[in-house]
**Q** 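Just dropping this structure here.
Chain letters run A, B, ... following the sequence lines, proteins first and then strands; every chain starts at 1. All values derive from a computational prediction rather than experimental measurement.
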Protein chains: 2
Amino acid sequence: MLKRYLPILQWLPHYNRHAMVDDTLAAFVVTLMVIPQALAYALLAGLPAVVGLYASILPLVVYTLFGTSRTLAIGPMALISLMTAAALSKVAPQGSDAYIEAAITLTLMVGILLTLMGALRLGFFANFLSHPVISGLLSASGVLIAASQLANIAGLPGSGFTLTTQLANIWHHLDQLHPLTLAIGVVSLILLLAIRRSRPLLERIGLSAIWAQFSVKMGPILVVGISTWLCWVCDFAAQGLDVVGDIPSRLPPLGIPSTDGEVWQSLLVPALMISVVGFIESVALAQMLAAKRRESISPNQELIGLGTANIASALSSGMPVIGSLSRTMVNFDAGARTPAAGALAGLGVALVTLFLTPLIKYLPIATLAAIIIASSIPLIDIATIRRTWRYSRSDSSAMGATIVLTLLEGVELGIMAGVTLSIALFLYRTSRPHSALVGRLPGTEHFRNIDRHEVESARHLALLRIDESLYFANARYLEDTVYDLVAKHPDIEHVVLICSAVNLIDASALESLEAINNRLDDSRVTLHLAEVKGPVMDKLKSSDLLDHLTGRVFLSTYDAWRTLH
Amino acid sequence: MLKRYLPILQWLPHYNRHAMVDDTLAAFVVTLMVIPQALAYALLAGLPAVVGLYASILPLVVYTLFGTSRTLAIGPMALISLMTAAALSKVAPQGSDAYIEAAITLTLMVGILLTLMGALRLGFFANFLSHPVISGLLSASGVLIAASQLANIAGLPGSGFTLTTQLANIWHHLDQLHPLTLAIGVVSLILLLAIRRSRPLLERIGLSAIWAQFSVKMGPILVVGISTWLCWVCDFAAQGLDVVGDIPSRLPPLGIPSTDGEVWQSLLVPALMISVVGFIESVALAQMLAAKRRESISPNQELIGLGTANIASALSSGMPVIGSLSRTMVNFDAGARTPAAGALAGLGVALVTLFLTPLIKYLPIATLAAIIIASSIPLIDIATIRRTWRYSRSDSSAMGATIVLTLLEGVELGIMAGVTLSIALFLYRTSRPHSALVGRLPGTEHFRNIDRHEVESARHLALLRIDESLYFANARYLEDTVYDLVAKHPDIEHVVLICSAVNLIDASALESLEAINNRLDDSRVTLHLAEVKGPVMDKLKSSDLLDHLTGRVFLSTYDAWRTLH
């Protein structure tokens with residue numbers, strides 16, 4: 001019991017020096033990579049850069065206690081930071097103390113919601129965000145995230161959370177464009193993209209595969225170093241370049257965030273959205289990596305792990321954190337063996353915060369913006385959009401609605417539209433079920449659609465396969481289908497409903513079956529059932545239908561064929 | 001085309017004297033029965049009694065032009081009147097001119113909504129109100145309607161639209177109880193219930209079946225006659241008995257209702273609810289009777305028929321009208337042959353309104369309340385509640401939620417809760433699909449659940465039948481099911497997914513199948529598919545899955561068994 005809620009007890013007793021060496025190495029690499037990312041995502045959320053560091057210390061330690069994934073590395077993440085900024089912009093102006101206070105409150109709410117969802121075992125709710133919706137959301141948010149940083153990279157003020165406001169903002173302030181900022185930003189971006197593609201080149205000049213990969217991952221910290229040094233040497237800040245500025249060299253202040261009821265109320269929906277999106281992203285990532293190593297994770301315990309990490313982030317002045325794809329991959333590739341690697345990386349970030357913050361005083365904001373843009377480009381996944389379009393119009397319309405609404409109205413409305421539409425389309429589809437008249441494949445006991453296969457059939461016998469569970473939304477449609485069939489084929493004496501695809505007959509459908517039975521009886525047609533599954537049959541036995549049924553219930557379609565043919 | 005939108009053109013050319021005689025007779029009987037009902041339902045809606053008559057004139061004529069049912073008799077109906085009163089109580093106090101004005105606006109909105117839904121062919125939306133939800137709604141509204149008239153029958157003021165407010169209201173005003181009113185009300189109620197049960201007695205004393213039935217149906221008008229006469233003779237009105245009072249002897253004033261934007265806005269949701277409930281009740285009734293006579297109706301044209309009837313009602317100072325069960329049955333039993341019977345009944349009510357209203361000046365309100373209570377009792381359908389409970393816990397929980405919320409929070413919330421819960425339960429059920437390992441019934445080509453039947457199976461071959469369409473909500477569950485299966489049975493070399501019950505594989509499930517295929521491949525297990533249906537196979541062919549699949553796609557489970565066994 002204790003082990004279930006404190007997964008650390010499962011691995012800590014077996015922890016040894018060998019694992020510790022691996023974990024420490026991975027933690028070192030992750031720390032190096034976290035720093036530019038944490039600063040950048042804090043900027044994206046409209047918060048002081050140091051908040052990103054604060055969110056990468058205590059939450060990592062707490063996740064080590066409660067999380068079930070051995071490799072998931074948590075921290076701020078692009079989409080969540082964008083959603084955070086959008087939520088906070090409704091309650092306070094960016095840059096104000098109230099904004100920072102609200103960010104901490106939001107983080108606490110996310111933590112409480114996630115923990116509650118875990119305690120109530122509501123992990124399955126995440127299943128209702130379909131693949132196309134998530135994929136559309138990520139692609140659209142990639143565009144939004146990149147667009148949100150266009151202003152920063154050009155030295156323009158402010159921004160918005162929909163594509164139209166972002167572009168309008170840039171258009172209106174175009175006269176304030178700062179050439180030096182733009183130059184630093186664009187060069188940083190080009191460098192970042194070049195380093196990302198440099199792996200084959202590095203391997204060709206003699207680096208081993210591991211070192212080549214490591215060098216590529218360290219691209220952002222290299223660009224941060226160069227641009228900071230350049231800015232310091234040339235005193236670009238005096239020429240109007242925005243830089244990170246002074247950061248207090250101390251650990252995050254601990255404390256309980258404000259509890260203004262009105263702020264809580266207006267942050268509730270965004271907190272719920274951030275929780276659900278964060279959970280889905282984290283679990284998908286954790287499951288993928290667990291599968292690679294034949295380990296397993298528990299989604300509901302994962303909710304508790306993420307929830308407590310966010311509560312820890314709120315108590316230490318941080319921002320919302322979730323499992324981050326890029327740092328998790330680094331952690332995994334660098335050979336992390338246990339969740340201890342996470343706690344050690346937290347320790348690393350703490351040391352950086354304590355001793356190295358003076359070094360990043362001259363880090364240009366435009367460089368951080370370039371890092372964000374470079375990391376948002378891979379989110380735009382045209383291949384998946386194209387594949388989904390080819391596979392299914394209905395899936396891609398849910399995806400399209402998510403993309404369009406996310407771009408034009410923001411992430412929350414995009415998610416809601418996508419989820420609602422995918423559920424509505426599923427219900428619509430099941431409300432008009434496919435059905436097929438089947439006949440016997442000659443010489444076999446197998447029956448297939450008479451329109452698609454060369455099969456034997458009989459004029460007086462209609463074998464109708466219903467390809468859907470029967471429930472309220474399609475009960476009337478079933479009636480119409482059967483009545484149409486009988487009206488069109490006056491020779492029919494027996495109708496056999498083949499229920500191999502019927503997984504459920506609810507009370508509404510039961511009424512419809514009774515109605516069909518009575519009405520066919522009036523026309524001297526007998527109604528039979530075949531291949532009714534165990535669970536469905538159990539239910540039918542508790543109703544009156546089987547007593548009134550004019551025909552029989554056959555175990556297989558072949559039985560019905562032999563008896564009635 | 002014209003015939004489709006004006007169904008009257010289908011039957012009027014063949015109209016003859018014979019049909020006219022039948023229709024006139026039915027219209028006469030319906031007129032007699034409509035009068036007490038129309039007055040009572042206007043009272044239930046909080047409107048002057050005469051509005052009920054107004055709503056039974058022009059709408060009937062218009063429905064004759066646009067409706068497709070040959071026997072549906074429309075007019076005010078108990079549940080709709082209750083919903084009307086609840087909606088209007090939010091915008092104006094009962095008895096005010098604004099209240100009457102709002103009633104007309106609401107009627108116009110209902111008419112426009114229904115017509116629009118018909119023009120847009122949205123009739124299928126009604127399918128999402130499941131049988132248990134409708135049945136729960138009717139039972140609960142029966143209780144609410146009866147409770148709403150307890151105050152009128154006892155001469156107490158006011159009332160409410162939830163059971164708690166209604167009972168609290170009676171409790172608070174119990175000291176104002178008017179014994180004479182109560183006596184008249186209770187005696188009327190007892191008389192009504194006695195007459196309703198008197199048919200066997202009447203037949204025993206020599207009446208023919210038809211006359212006995214006719215006498216029973218005329219019970220309300222008899223009670224109205226007696227109590228009005230008694231009240232006139234004894235001048236009960238002077239002793240404080242509430243009576244209908246003076247009604248102007250003229251046809252309804254024609255006119256376009258007010259269009260105050262705010263009133264429209266606050267009536268929109270109730271108007272939508274009234275439209276949907278009214279449509280479902282009418283169509284269910286019309287379909288049932290059409291089936292009895294081997295005729296057919298068109299749900300979407302029926303929406304237009306009801307919509308235009310409500311617009312006509314609004315233009316002639318009426319209230320919302322729909323197909324009414326009691327008068328439709330009377331119309332049907334009295335032998336109506338064409339929709340002309342409806343127009344003739346409208347003419348009858350017009351004549352009554354013009355010449356006979358002085359007769360009902362002394363009609364006691366308590367008698368009308370007794371008529372409403374008597375007509376609401378049959379709505380409470382304990383047998384269906386019990387049958388649903390026996391058949392399905394999940395259907396009955398949707399029904400229970402509808403009943404409880406309707407009683408405690410009103411009809412609108414009851415409907416919304418019922419619909420939401422039935423959809424949520426369906427989604428939840430499909431998100432955890434039943435699946436079964438199957439084996440071969442010896443000597444046949446038929447495969448059934450190894451836990452339920454005596455079947456042959458093989459250790460290295462898992463035949464897994466998935467009993468649900470595969471879509472986003474259950475894609476991950478499918479993955480877990482297959483991984484669990486392989487983890488528990490290390491001997492397995494082949495997994496065959498039997499897709500006879502899979503009617504759909506959406507993009508999310510496709511990703512899961514790819515993941516399963518790859519992961520099984522890592523464990524040296526081959527994945528096969530069997531009995532994939534035509535429409536599903538067409539889709540799979542447009543994806544990459546079949547190229548990557550480690551195993552084969554078998555036409556039948558038996559093919560897979562023969563090949564892999």
Side-chain angles (χ1 to χ4, degrees), chain A residues 124 127-133 287 291 387-388 390-392 394-396 399 422-423 426-427 429-434 436 441 444-446 448-449 452 467-469 471-477 500-504 506-508 510-511 515 519 533-535 539 542-544 555-556 558-559, chain B residues 124 127-133 291 387-388 390-392 394-396 399 422-423 426-434 436 441 444-446 448-449 452 467-469 471-477 500-504 506-508 510-511 515 519 533-535 539 542-544 555-556 558-559:
Chain A
F124 73 90
N127 295 344
F128 287 97
L129 260 183
S130 70
H131 242 278
V133 169
Q287 270 179 331
R387 203 169 58 232
T388 307
R390 264 209 320 273
Y391 183 67
S392 156
S394 119
D395 274 315
S396 44
M399 181 187 248
S422 43
I423 290 178
F426 173 72
L427 290 175
R429 205 151 26 173
T430 58
S431 78
R432 318 180 68 103
H434 180 256
L441 280 180
T444 72
E445 297 179 11
H446 195 62
R448 294 304 281 247
N449 193 337
R452 285 178 181 258
D467 286 357
E468 195 65 66
S469 289
Y471 76 114
F472 55 89
N474 60 26
R476 193 164 295 149
Y477 193 83
S500 50
V502 175
N503 310 308
L504 162 76
D506 80 350
S508 308
L510 185 71
E511 299 258 1
R519 191 150 156 201
K533 288 178 203 178
K539 285 231 157 184
S542 73
S543 77
D544 301 333
L555 194 60
S556 72
Y558 183 64
D559 280 353
Chain B
F124 73 89
N127 295 343
F128 288 97
L129 261 183
S130 70
H131 243 279
V133 169
R387 203 171 57 231
T388 307
R390 262 208 323 271
Y391 183 66
S392 157
S394 118
D395 274 316
S396 43
M399 183 188 245
S422 43
I423 290 178
F426 174 72
L427 290 175
Y428 180 74
R429 203 149 32 170
T430 58
S431 78
R432 318 180 67 102
H434 179 256
L441 280 181
T444 73
E445 298 179 13
H446 195 63
R448 293 306 281 246
N449 193 337
R452 284 177 181 259
D467 286 356
E468 196 65 65
S469 289
Y471 76 114
F472 56 89
N474 60 27
R476 192 164 297 149
Y477 192 84
S500 51
V502 175
N503 310 308
L504 162 77
D506 80 351
S508 308
L510 186 70
E511 298 260 0
R519 192 151 157 199
K533 285 178 205 178
K539 285 230 157 185
S542 73
S543 78
D544 301 334
L555 196 59
S556 71
Y558 183 65
D559 282 353

**Q** What's the shortest heavy-atom distance between A:His446 and B:Glu445, and which atoms?
**A**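 Distance-wise, the nearest heavy atoms are N-OE1, 4.3 Å.
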
**Q** Select one option (side chain, backbone, both, neither) describing which atoms of A:Glu468 are under 4.5 Å from chain B's heavy atoms.
**A**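 It is both, since atoms from each part get that close.
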
**Q** With chain B, which of A:Thr444, A:Asp544, A:Asn449 has the greatest number of heavy-atom pairs at distances under 4.5 Å?
**A**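 Of A:Thr444, A:Asp544, A:Asn449, A:Thr444 has the most heavy-atom pairs under 4.5 Å with chain B.
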
**Q** Check whether A:Ser431 gets within reach of chain B through its side chain, its backbone, both or neither, counting any heavy atom under 4.5 Å.
**A**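 Side chain of A:Ser431 only, per the 4.5 Å heavy-atom cut-off to chain B.
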
**Q** Can you check whether B:Asp467's main-chain N or O pairs, donor with acceptor, with A:Asn503's side chain at less than 3.5 Å?
**A**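 At least one qualifying donor-acceptor pair exists.
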
**Q** Look at the side chain of A:Arg452 and the backbone N and O of B:Lys533, then say whether any donor-acceptor pair between them is shorter than 3.5 Å.
**A**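 Not at all, since once roles are kept as given, no pair shorter than 3.5 Å links the two residues.
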
**Q** At a 4.5 Å cut-off on heavy atoms, which part of A:Leu510 comes close to chain B: side chain, backbone, both, or neither?
**A**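 Only the side chain of A:Leu510 comes within 4.5 Å of chain B.
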
**Q** About how many Å separate NZ of A:Lys539 and CZ of B:Arg390, when rounded to the nearest 0.5 Å?
**A**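 It is 13.0 Å, given to the nearest 0.5 Å.
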
**Q** Kindly give the heavy-atom pair with the smallest separation between B:Asp506 and A:Tyr391, and that separation in Å.
**A**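 Scanning both residues, the minimum pair turns out to be C-CE2, 3.7 Å.
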
**Q** Short question: side chain of A:Asp395, backbone of B:Ala507 - any donor-acceptor pair under 3.5 Å?
**A**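 Checking the backbone N and O of B:Ala507 against the side chain of A:Asp395, a donor-acceptor pair under 3.5 Å is found.
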
**Q** Roughly how far, to the nearest 0.5 Å, is the OG atom of A:Ser469 from the CZ atom of B:Phe426?
**A**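 Taking CZ in B:Phe426 and OG in A:Ser469, the distance rounds to 6.0 Å.
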
**Q** At a heavy-atom distance under 4.5 Å, which candidate from A:Val133, A:Asn474, A:Leu555 has the highest pair count against chain B?
**A**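 Top option by heavy-atom pairs under 4.5 Å: A:Leu555.
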
**Q** Minimum heavy-atom separation for B:Ser508 and A:Pro132, please, with both atom names.
**A**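 Answer, listing the atom of B:Ser508 first, then A:Pro132: OG-CD, 3.3 Å.
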
**Q** Can you tell which part of A:Ser394 gets under 4.5 Å to a heavy atom of chain B, answering side chain, backbone, both or neither?
**A**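 No part of A:Ser394 comes within 4.5 Å of chain B.
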
**Q** Using heavy-atom distances under 4.5 Å, tell me whether B:Ser396 contacts chain A through its side chain, its backbone, both, or neither.
**A**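 For B:Ser396, no heavy atom lies under 4.5 Å from chain A.
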
**Q** If you round to the nearest 0.5 Å, how far is CG of B:Leu504 from OG of A:Ser392?
**A**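 Output value for this atom pair is 7.5 Å.
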
**Q** Counting only non-hydrogen atoms closer than 4.5 Å, does B:Phe128 touch chain A with its backbone (N, CA, C, O), its side chain (CB onward), both, or neither?
**A**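 Both backbone and side chain.
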
**Q** Show the numbers, then the answer: is there a side-chain contact (heavy atoms from CB on, under 4.5 Å) between A:Ile423 and B:Phe472?
**A** CA-CA 9 Å; A:Ile423 290 178; B:Phe472 56 89; 4.1 Å; yes

